[in-house]
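The next block holds one structure in the form of structure tokens; read it before the comments.
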Number of protein chains: 2
Amino acid sequence: MLPSSTVENYLKALHQAEASMGNETLVPMGQLANAVGVAPGTATTMVKALAESGLVEYEPYVGVRLSSAGTRLATLVLRRHRLIEQFLVEVMGMSWADVHEDAEQLEHVVSDRLVERMDAMLGHPAVDPHGDPIPTADGALADPDYHSLLTCPLSTPVTVTRVTDQNSSFLRFLEAQELKPGQSIEVENRNSAADSVQVLAGERRVTIGTNAASKVLIEIL
Amino acid sequence: MLPSSTVENYLKALHQAEASMGNETLVPMGQLANAVGVAPGTATTMVKALAESGLVEYEPYVGVRLSSAGTRLATLVLRRHRLIEQFLVEVMGMSWADVHEDAEQLEHVVSDRLVERMDAMLGHPAVDPHGDPIPTADGALADPDYHSLLTCPLSTPVTVTRVTDQNSSFLRFLEAQELKPGQSIEVENRNSAADSVQVLAGERRVTIGTNAASKVLIEIL
DNA sequence: AGCTATATTTTGAATAGTCAAAACAAAACT
DNA sequence: AGTTTTGTTTTGACTATTCAAAATATAGCT
Ligand SMILES: [Mn+2]
Ligand SMILES: [Mn+2]
Ligand SMILES: [Mn+2]
Ligand SMILES: [Mn+2]
């Protein structure tokens, strides 16, 4: 049985949840339900079915974790998603702020043939437009741990490399402020009382909240 | 309610069935069920639901016909399908023999944004790789009636313009025999006893059955 | 230990889509 | 007119996915 779109979405959500939490921890049902956008009971039902199929390991009242088979599948969905996003930006000329929604649907229907053709056409890219790493066809996924605007040293030139939020208006905001991946900036100072971070991007001086700042990952030059 | 993939497939099948039969005739349930690939009873159930939604007109024991709303929707699905095929061939470099299957899935998930971008990138093509006309964004669909290899004059140069069968191996066969849309050929003679048609394509002399011949449409130069 | 707040699971019900087989209608053929 | 064939509809049942609300478990707090 090839997995339905629904199953693929659950597996992908689980994969992302595992990545965002410290690993070893099981993902609690509530969080999964929330990520997938269904009622808690629905997630329970689905997870039990996934456990039957051997795609997850489930401990009632505790949480879920992807099995190795589940991880493999989730990674392939992620590969399709990110290659599609890169394709939509590089080939179709769409905005990095818009491609997520399209990819969310297309990831479930593109054939292997088509995915590999996009990959070749793009020159086997390592990351998508948001700086998220693209798994290889055999399921290998790099996961470097970057600094963020919250943790990097002050007054030091750094490069934006990854944005961990797909929200359209957030992405458009970053673009307007010259904070897209690839751009060089400096964090000037942080004000924990004001819950804000001040960065120098291009000519501009921008102040953003710490929550937003934590979503902008950087590399030190 | 936006139509599900299933509904879109029924509408498209109905549209093609209406086109292939002489119009004015209702499409019998059996034919629809067959085209969609479901049991007859399933088609009956679905058609009753479509009639409820005003997408078709249904006469029990006689047949179905698309309403104007149904026709509009079917035409838009057809537009997406054919633009996608053209895109896959022209931009992605896929074979005209393979693109139908991919398009069959993609047609249900591509956003309007993406479709219009493909259309622009292709220069607003009038036909797809099989010579099928591409409806415009407002739903207008050209439907010229071509001759076929069965009905065209003998020993007269004609151009292949359209192939009304998506079967992969048939398309590959035509390609190998230099009978793709755009190629100039001549029908040398027909043998109704042998149920065959002999054509001169490029340097080659090819003999094909009349059923196959009826699927290759041509224009007289 | 007892109570409360929170998270999770169960239960009962709904929708969309499907099939197999029985029942039935229309057409075709004696 | 009576019978067979063919095509269509109905019936009963099943899978996948979902929700709301009730029941229950766990964790947190006196
Ligand atoms: Mn998705
Ligand atoms: Mn991305
Ligand atoms: Mn389709
Ligand atoms: Mn086509």
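Chain letters run A, B, ... following the sequence lines, proteins first, then strands; residues in each count from 1.
Atoms CG (B/L2) and P (C/dA16) sit 13 Å apart, rounded to a whole Å. If you measure from atom CG of B/L32 to atom P of C/dG17, you get 14 Å, rounded to the nearest angstrom. In this entry the distance linking CG of A/N34 with P of C/dA7 reads 11 Å, nearest Å. With rounding to whole Å, A/E59 atom CD is found 11 Å from C/dT9 atom P. To the nearest angstrom, P of C/dT18 lies 15 Å from CE of A/M1. Look at CE on A/M29: it is 14 Å from P on D/dC19, rounded to the nearest Å. Rounded to whole angstrom, the span from the CD atom of A/E52 across to the P atom of D/dT17 amounts to 15 Å. In this entry the distance linking CE of B/M46 with C1' of C/dT15 reads 12 Å, nearest Å.
With B/T151 contributing its side chain and B/H147 its backbone, the two residues share no donor-acceptor pair below 3.5 Å. Proximity of a side-chain donor or acceptor of B/E57 to a complementary backbone N or O of B/V64 within less than 3.5 Å is not detected.
Checking B/S111 against A/D102 by side-chain atom types alone, a donor-acceptor pair falls below 3.5 Å. Inspection of the B/S196 and B/N191 side chains reveals no N or O donor paired with an N or O acceptor under 3.5 Å.
Look at A/K48 and you won't find any side-chain N or O under 4.0 angstrom from OP1 or OP2 of C/dT9. Distances shorter than 4.0 Å separate some side-chain N or O of B/Y58 from OP1 or OP2 on D/dT9. Between B/S4 and C/dG17 there is a side-chain N or O to OP1 or OP2 distance below 4.0 Å. The shortest distance between the side-chain N/O atoms of A/T42 and the OP1/OP2 oxygens of D/dC19 is below 4.0 Å. Taking side-chain N and O atoms only, B/T44 has no distance below 4.0 Å to OP1 or OP2 of D/dT8.
Each of A/S5 and A/G41 has a nearest nucleotide on DNA chain D; the 5'-most of these lies closest to A/S5. Nearest-nucleotide positions on DNA chain D place B/P60 closer to the 5' end than the other of B/P60 and A/Y10.
Distances were taken from every side-chain heavy atom of A/A39 (C-beta onward) to each of D/dC19, C/dG17, D/dT8; the shortest belongs to D/dC19. Considering only side-chain atoms of B/Y61, the nucleotide from C/dA25, D/dT18, C/dC19 that sits closest is C/dA25. Looking at the side chain of B/V38, the nearest of the listed nucleotides C/dT18, C/dT8, D/dT9 is C/dT18.
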Decide ring pair (Phe, Tyr, Trp, His ring centres under 6.0 Å) for B/H100 and B/H81; before the verdict, give the C-alpha distance in whole Å, the side-chain angles of both, and the deciding distance to 0.1 Å. CA-CA 8 Å; B/H100 181 72; B/H81 184 99; 4.8 Å; yes

